[in-house]
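Here's the structure we're looking at; comments come further down.
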Amino acid sequence: MVRVKKTGLIIAAGLLSGCLAMTSPGAGKTDESASSFSSRFGFSQSEKEEDPEADAANGPGAAAYADQSKMEEGEGPGIEDVTMSERFHADFGLYELSIRDKYFLYSNVSNGGVTDQPVYLEIPAGVDYTAEKDGVPFSYASRQTVSGRGTYVIRITVVEDKNVPLSEQKEYRTVFRFRIDEKTPEAAAQAGGEAGLPEGMGLLPDVIPSGTRETAGSQTGEASEPERPEEPEETPAPEKIPETAKAAETGASLHGDDGEPEQTAAAGEQAGAVKRSQEYLPDQSMYQVTLENGFTFLSNIPEGMAVTQAVEIRSGEEYGLFLGEEELEWEASRQLRAFGQYRLVSGDYEFDFEIINSYVNRDSYTAPVGLRITKATFNGEGLDVGNGSALAMTTDGSYELELEGQAGESFSLKLERDTQPPEVTVEVGRQSAAITYLANDINTITLSKNGKEPYEFTSAEVTGPGKYVLTVTDRAGNVTVNEFTLRYHMNFYALTAILLCVAGIAAAVVMLVRKKKNLTVR
């Protein structure tokens, strides 16, 4: 009798196992989508393994169906473009900017202002922002000082309450912009003073163009006295020359109410001051750069330049080098190739430049200090370069630029302007989502599931239930985002097969029970 019971249980377990194997949604299926996608786009990395949570969630007879989710009105946050209010604190020389009287920012320049001084912006925690210089994105940190000549735009986004549901959130967007430029000699003479930064913030004067390198007490030579213009036949007596004329003649600026001029340039040099400079060395095809603290190094490009080539830095003294916010290890001589915004830091002084992709999303290209654009073409046709300080790039296509410096140095750039996001289609079926990539300049593809950290994705198909976000970025930085959802769906035929298997097992058990009753024990 015991043996009969065990045999019946074994038969029942075998029947159930067979039914489950027959109705499993992935039975007998092979996935060749990753290899076909890799061959089409040249990916070398292997496909990511399927999320283990998706495998665990697939129960007997469960087949996934999907529908692409679309953001309907009322589902997302309410977005509002706002203008920041502004208040100037004369005692501190600071502008206070307010978003809805709840989020406060502080800067030494007004919103939309123009200055020849270094600028900083203090942004409170919880406020998201991006930064651009002359239309090119760069990494910016709150209270970071910038000094390079150009137009800066800080795009600010703040969500009023991130703890409430998405449909109830309020998102405010605004822009803080300013320009750093050189004053004309006339404007500088009338200014009579300089706007300062808060205590502890170092000044970063602009780079002096090639050919004006002067240091006081340095081993490279002494500054020469400026040439005096020829005097007219009738020269007024020295004691009758106006103070403003004296200041213009000697290079000194006026200050205070007593009418006494500040130290002349020569006096400042005798005190050990160093002028910021960069000088091109034709025999080495390098720039010799000297910062205000006397730190000297060699670079194959001038300050503030955006290039598509590798950048070489040489110096026997240690310095800080940052790619965005990441500090790189110091080397006496190194070549930099990674794309991004760089800062070479020595004490309170910086030297910045950028390595860019040949594919760009920008409206113009600005020549750095000491260089000018001498020739430019768009799709092979010549363009008017004007005074050579900047080139407008208003239409997508191929641009070629040639730049020349005061010492005969030259640079060439080829840029492909692309402002269109990559074209990607997602076709969602009942069991999977098929992805088609139509762009030929894809840079990165990431996939996020159920709000988790995105991971690199190299396949053309997604399976397994969940909410997905597919992000595709091209080489110019344009982004396409696709959101879709895969849900559980019970297959009718699979459910019928399971019920038939259960009915067969029940019949087998009944038969065994009846047979047991007919058995006799001898």
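Within the 4.5 Å cutoff, no side-chain heavy atoms of K170 are placed close to those of R100. Within the 4.5 Å cutoff, the side chain of P454 has no heavy atoms near those of the T471 side chain. I156 places none of its side-chain heavy atoms less than 4.5 Å from the side chain of Y103. The side-chain heavy atoms of L105 and F176, taken from C-beta on, include no pair separated by under 4.5 Å. Side-chain contact between N300 and Q309: present, with at least one pair of heavy atoms (C-beta onward) separated by less than 4.5 Å. Contact check for E402 versus S410: no side-chain heavy atoms found under the 4.5 Å cut-off. Counting heavy atoms from C-beta outward, L344 and V289 have side chains that stay 4.5 Å or more apart. Using a 4.5 Å cut-off on side-chain heavy atoms (C-beta onward), T83 and T174 make no contact.
Contact between G148 and I180 at its shortest, heavy atoms only, is O-CB, 3.7 Å. Of all non-hydrogen atoms in L403 and P368, the two that sit nearest each other are CD2-CD, 4.2 Å. Taking both residues in full, the closest heavy atoms of T290 and T296 are given as OG1-OG1, 3.3 Å, listed atom of the first, atom of the second, then distance. Nearest heavy atom pair, residue E318 against residue F295, reads O-CE1, 4.1 Å. Shown here for F339 and I356, the closest heavy-atom pair between the two residues is CE2-O, 3.5 Å. For A338 against L323, the heavy-atom pair with the smallest separation is CB-CD2, 4.1 Å.
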* Asked: Checking side chain to side chain contact (heavy atoms under 4.5 Å, CB included) for the pair Q420/D418: CA distance, chi angles, key distance, verdict?
  -> CA-CA 6 Å; Q420 301 302 315; D418 177 14; 3.9 Å; yes
* Go through the steps for L486 and V428 under the test side chain to side chain contact (heavy atoms under 4.5 Å, CB included), then give the verdict. => CA-CA 8 Å; L486 296 175; V428 182; 4.2 Å; yes
* To do: Under the salt bridge (Lys or Arg N to Asp or Glu O under 4.0 Å) rule, what do E329 and R334 come out as? Steps first, then yes or no, please.
  => CA-CA 10 Å; E329 184 178 354; R334 65 182 307 159; over 6 Å; no
* **Residues E312, S333; criterion side chain to side chain contact (heavy atoms under 4.5 Å, CB included); working and verdict** => CA-CA 7 Å; E312 184 176 1; S333 178; 4.0 Å; yes
* **Intermediate values then yes/no, side chain to side chain contact (heavy atoms under 4.5 Å, CB included), V119 and Y152** => CA-CA 10 Å; V119 173; Y152 295 80; over 6 Å; no
* Asked: Going through the checks in order, is the salt bridge (Lys or Arg N to Asp or Glu O under 4.0 Å) test met by D363 and R417?
  -> CA-CA 8 Å; D363 298 327; R417 184 180 189 263; 2.9 Å; yes
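If you run ring pair (Phe, Tyr, Trp, His ring centres under 6.0 Å) between F351 and each of F297, Y319, F322, Y342, only F297 comes through.
The backbone N or O of A306 lies less than 3.5 Å from a partner atom in the side chain of Y365, making a donor-acceptor pair. With N482 contributing its side chain and L470 its backbone, the two residues share no donor-acceptor pair below 3.5 Å. Using a distance-only test at 3.5 Å, with no hydrogens or angles considered, a donor-acceptor pair links the side chain of E86 to the main chain of N111. In terms of modelled atom types and a separation under 3.5 Å, the side chain of T157 and the main chain of D128 share no donor-acceptor contact. Of the possible polar contacts, none joining the S299 side chain to the Y287 backbone as a donor-acceptor pair under 3.5 Å is found. Judged by distance alone, the side chain of S107 and the main-chain N or O of L121 form no donor-acceptor pair under 3.5 Å. In terms of modelled atom types and a separation under 3.5 Å, the side chain of N108 and the main chain of P118 share a donor-acceptor contact. For D352 (side chain) and R343 (main-chain N/O), no donor-acceptor pair under 3.5 Å exists by modelled atom type. A distance-only check finds a donor-acceptor pair linking the side chain of N450 to the backbone of K467 [under 3.5 Å]. Distance alone, capped at 3.5 Å, places no donor-acceptor pair between the N293 side chain and the Y349 backbone.
Side-chain polar atoms of T419 and D396 form a donor-acceptor pair below 3.5 angstrom. Looking at T151 and R179, their side chains do bring a donor and an acceptor atom within 3.5 Å of each other.
N361 meets the side chain to side chain donor-acceptor pair (under 3.5 Å) test with N478; sequence neighbours excluded. Taking the side chain to side chain donor-acceptor pair (under 3.5 Å) definition, one finds that E122 meets it with R143, sequence neighbours left out. N357 is linked by a side chain to side chain donor-acceptor pair (under 3.5 Å) to R475, counting only residues two or more places apart in sequence or in another chain. Under the side chain to side chain donor-acceptor pair (under 3.5 Å) criterion, D134 pairs with no residue at all, not counting sequence neighbours. Contacts of R372 classified as side chain to side chain contact (heavy atoms under 4.5 Å, CB included), with partners at least two apart in sequence or in another chain: T374.
With salt bridges taken as basic N to acidic carboxylate O contacts below 4.0 Å, none links E132 and R362.
Here the straight-line distance linking atom OH of Y129 with atom CD1 of I123 works out to 4.5 Å at 0.5 Å rounding. Considering CG of D441 and OG1 of T473, their distance stands at 10.5 Å, rounded to 0.5 Å. Remark: I373 CD1 to L413 CG distance equals 9.0 Å, nearest 0.5 Å. Atom CD in E80 sits 11.5 Å away from atom CZ in R173 (nearest 0.5 Å). Distance CD/Q341 to CD/E325: 11.0 Å, rounded to 0.5 Å. For the atom pair CD (E400) and CG (N379), the distance works out to 9.5 Å, reported to the nearest 0.5 Å.
Using the six-membered ring where Trp is involved, F138 and Y140 have ring planes that are perpendicular, over 60° apart on the 30 and 60° scheme. The aromatic rings of Y106 and H89 sit tilted relative to each other, their planes meeting at an angle between 30° and 60°. Ring geometry, F457 versus Y455: the interplanar angle exceeds 60°, so the pair is classed perpendicular (tilted spans 30 to 60°).
Atom CD of E331 has more than 12 neighbouring heavy atoms from other residues, nucleotides or ligands inside a 6.0 Å radius.
Among residues at least two apart or in separate chains, ring-ring contact (aromatic ring centres under 6.0 Å, His included) pairs with a member in residues 370-402 are F378-Y399.
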